[in-house]
Amino acid sequence: METQLSNGPTCNNTAHGSNAINNCSSPIDSGNTEDSKTNLIVNYLPQSMTQEELKSLFGSIGEIESCKLVRDKITGQSLGYGFVNYVDPKDAEKAINTLNGLRLQTKTIKVSYARPSSASIRDANLYVSGLPKTMTQKELEQLFSQYGRIITSRILVDQVTGVGFIRFDKRIEAEEAIKGLNGQKPPAATEPITVKFANNPSQKTNQAILSQLYHSPNRRYPAPLAQQAQRFRLDNLLNMAYGVKRFPPMTIDGMTSLAGINIPGHAGTGWCIFVYNLAPDADESILWQMFGPFGAVTNVKVIRDFNTNKCKGFGFVTMTNYDEAAMAIASLNGYRLGDRVLQVSFKTNKTHKA
DNA sequence: TAGTATT
C-alpha cells in the first residue's frame with residue numbers, strides 16, 4: 001500500500017477565481033517528475049482548437065516528438081486537453097514558462113508536466129455540492145487534502161448553492177474522500193455536503209449525439225474549406241481573449257509588405273516578420289499566440305525601451321517556412337489588438353526609401 | 001447539480 005499522506009508537493013492553490021489555473025507548486029520545480037521531463041499535458045484548451053494548431057503553437061518552442069489532442073472517441077469532439085512530448089527537456093520547460101497561463105479564446109491554458117499514465121489516476125474527479133456559499137477554494141482544498149494529493153480544485157461561481165470540483169492524484173484517494181466527507185458537515189457549516197464522482201463526459205454518448213452523427217456521417221471539408229475554417233477559428237481565437245478584431249482589408253495603408261515588393265525578411269534562419277503598433281505593455285506571449293497557429297515560429301522578440309522596459313511599439317517574429325509566414329502576415333496585418341491596428345510585414349532592411 | 005487532467 002502506498003503512503004498517501006506524504007507532504008510532497010503540497011498544493012497550495014490560490015483561488016484567483018479565474019479559469020482554474022491551478023498551480024500546485026511550480027511545475028518546473030516539482031522535482032518528482034523524472035519520467036515527465038519532456039511530456040507535457042495541456043489543459044483548458046479552447047474547444048475549437050485542433051491538433052494541428054496545438055502542434056503549431058507548441059512546435060514554435062522546439063522540436064516535438066509527438067503531439068496529441070484528446071478527442072471523444074464517438075463524436076470526435078475535443079475534450080479540451082492534449083499532450084505534447086518534446087525531444088529536448090529544455091523545450092518542455094520553456095513551453096511551460098512561455099505558454100502556461102496563455103489566454104486563448106475564453107480559456108486560460110495550463111501547461112504542466114504529464115504524470116506517468118496509469119489506470120490509478122483516472123476517474124479521480126469529484127463533484128461537490130451543498131458547500132457553504134462563503135467557502136473559498138483554499139478552504140475547499142483544506143477540507144479534502146487530508147485524503148490525498150489534490151491535482152485541481154474549483155469552486156463554480158454564480159451558483160446558488162456552492163458547487164465545486166476536486167481532482168485527486170489517485171482514484172483511491174477520491175474514493176476515500178467520498179467515504180469521509182459525503183453527507184458530512186464541514187466545520188462551521190450548517191448543511192451537509194454531497195461528494196460524488198463527477199460525471200465522465202466521454203461516457204455521455206447519448207442518443208441525440210449518435211443520431212446527429214448518423215445523419216451527417218463523416219463530413220469532411222475539402223482542402224480549401226479547411227483553410228477557411230482554420231482562418232475562421234483563428235479569428236475566433238484572437239477575438240475574445242485580447243479583443244483582437246479583424247479590420248476590413250483595405251484599412252491599412254503603408255502596407256508595402258504583400259504587394260510583392262522585395263522578397264524581404266529572409267534572414268538565413270527563417271523569415272523575419274516586423275510587427276508594428278504594439279502596446280507599451282505588450283509581451284512575447286502575445287506574439288507567440290498570434291503567430292504560433294500559423295506554423296513554426298522559432299523566435300519572437302518585443303523591442304523594449306532600455307530604461308522603462310516598456311515596449312517601443314514594435315517587435316519581430318521569425319518563422320521557418322515562407323508559406324506560413326506569408327499566411328500569418330496576410331491574416332494578421334490589419335488586426336486590431338485592443339485599440340491598436342497592427343501592421344505586419346516581412347522585415348525590410350531599410351528604414352526609409354532611398 | 002456541472003466542468004471537462006492521462007493520450
Side-chain angles (χ1 to χ4, degrees), chain A residues 9 11 13 15 17-24 27 30 33 35-36 38-51 54-55 58 64-86 92 96 100 104-133 135 137 140 148-174 178 182-183 191-206 209:
Chain A
C11 286
N13 297 323
S18 62
N19 197 357
I21 287 294
N22 211 340
N23 294 314
C24 292
S30 47
T33 56
D35 31 12
S36 322
T38 60
N39 196 24
L40 302 179
I41 184 165
V42 187
N43 292 295
Y44 308 109
L45 292 169
Q47 171 64 38
S48 62
M49 195 167 197
T50 65
Q51 180 164 294
L54 182 68
K55 187 173 184 181
F58 283 80
I64 290 175
E65 191 276 328
S66 63
C67 169
K68 177 159 190 177
L69 178 71
V70 180
R71 298 178 177 278
D72 183 281
K73 287 189 180 70
I74 308 280
T75 68
Q77 295 284 299
S78 166
L79 294 182
Y81 69 95
F83 296 89
V84 176
N85 193 24
Y86 282 99
I96 291 174
N100 184 41
L104 285 177
Q105 205 168 306
T106 61
K107 302 286 188 175
T108 301
I109 70 170
K110 181 179 178 184
V111 185
S112 56
Y113 289 114
R115 290 172 285 162
S117 184
S118 157
S120 65
I121 67 176
R122 299 184 59 184
D123 302 318
N125 198 25
L126 296 180
Y127 174 83
V128 187
S129 58
L131 295 166
K133 286 168 66 178
M135 182 173 265
Q137 185 183 16
L140 180 67
R149 179 187 173 203
I150 295 170
I151 300 300
T152 59
S153 69
R154 160 180 286 190
I155 287 184
L156 300 184
V157 293
D158 303 329
Q159 292 297 317
V160 179
T161 60
V163 173
F165 292 89
I166 291 278
R167 178 179 298 280
F168 279 103
D169 183 37
K170 298 285 196 293
R171 179 178 173 93
I172 191 170
E173 297 169 338
I178 292 175
N182 183 39
E191 298 299 323
I193 61 174
T194 299
V195 184
K196 57 202 268 192
F197 282 108
N199 291 339
N200 191 334
S202 61
Q203 294 168 353
K204 195 174 52 177
T205 55
N206 57 36
I209 292 174

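Labels below follow one simple rule: chain letters A, B, ... track the order of the sequence lines, proteins then strands, and each chain is numbered from 1.
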(request) Indicate, with a heavy-atom threshold strictly under 4.0 Å, whether Phe165(A) touches base, sugar-phosphate, or nothing. (result) base
(request) Taking only the side-chain heavy atoms of Phe83(A) (C-beta and beyond), determine which of dG3(B), dT6(B), dA5(B) contains the nearest atom. (result) dT6(B)
(request) Please step through side chain to side chain contact (heavy atoms under 4.5 Å, CB included) for the pair Arg122(A) and Ser120(A), ending with a clear verdict. (result) CA-CA 6 Å; Arg122(A) 299 184 59 184; Ser120(A) 65; over 6 Å; no
(request) With sequence neighbours left out, write down each residue that passes side-chain hydrogen bond (donor to acceptor under 3.5 Å, both in side chains) with Asn85(A), or none if nothing qualifies. (result) Thr38(A), Glu65(A)
(request) Provide, to the nearest angstrom, the distance between the CZ atom belonging to Arg115(A) and the P atom belonging to dT7(B). (result) 11 Å
(request) Among the candidates dT4(B), dG3(B), dA5(B), find the nucleotide nearest to the side-chain atoms of Asn43(A). (result) dA5(B)
(request) Can you tell me the distance, in whole Å, between the CG atom of Leu79(A) and the P atom of dA2(B)? (result) 20 Å
(request) Tell me whether the OP1 or OP2 atom of dT7(B) has a side-chain N or O from Ser117(A) closer than 4.0 Å. (result) yes
(request) Specify the separation, in whole Å, of atom CD1 of Ile109(A) and atom P of dG3(B). (result) 21 Å
(message) Measuring to OP1 and OP2 of dT4(B), would you say a side-chain N or O of Arg167(A) lies under 4.0 angstrom away?
(response) no
(request) Compare side-chain N and O positions of Arg154(A) against OP1 and OP2 of dT4(B) and report whether any pair is under 4.0 Å apart. (result) yes
(request) Report which part of the nucleic acid Ala119(A) touches: base, sugar-phosphate, or nothing (heavy-atom distance under 4.0 Å, all strands). (result) nothing
(message) I need the CD1-C1' distance between Ile155(A) and dG3(B), as an integer number of Å.
(response) 14 Å
(message) So, using side-chain contact (heavy atoms from CB on, under 4.5 Å) as the criterion, who are the partners of Asn125(A) when residues are at least two apart?
(response) Phe165(A), Arg167(A), Ala198(A)
(message) Taking the minimum atom-to-atom distance to the side chain of Tyr127(A), which one of dA2(B), dA5(B), dT4(B) wins?
(response) dA2(B)
(message) By nearest atom, which of the nucleotides dA5(B), dT7(B), dG3(B) is closest to the Arg122(A) side chain?
(response) dT7(B)
(message) Quick check: closest heavy atoms across Tyr113(A) and Ile41(A), and the distance to 0.1 Å?
(response) O-CG2, 4.0 Å
(request) Whole angstrom is fine here: how far is it from CD in Gln77(A) over to P in dT7(B)? (result) 19 Å
(request) Please work out if Asn125(A) contacts a base, only the sugar-phosphate, or nothing of the nucleic acid, heavy-atom cut-off 4.0 Å. (result) base
(request) Taking all heavy atoms of Ile155(A) and all of Leu140(A), pick out the closest pair and write down the distance. (result) CG1-CD2, 3.8 Å
(request) For Gln47(A) and dG3(B), give me the distance from atom CD to atom P, rounded to whole Å. (result) 13 Å
(request) Using atom NZ of Lys110(A) as one end and atom P of dG3(B) as the other, report the distance to the nearest whole Å. (result) 18 Å
(request) Can you tell me the distance, in whole Å, between the CG atom of Asn85(A) and the C1' atom of dT6(B)? (result) 13 Å
(request) Verify the contact: side-chain N or O of Tyr81(A) to OP1 or OP2 of dT7(B), cut-off strictly under 4.0 Å; return yes or no. (result) no
(message) Using OP1 and OP2 only, check whether a side-chain N or O of Lys196(A) sits under 4.0 Å from dA2(B).
(response) no
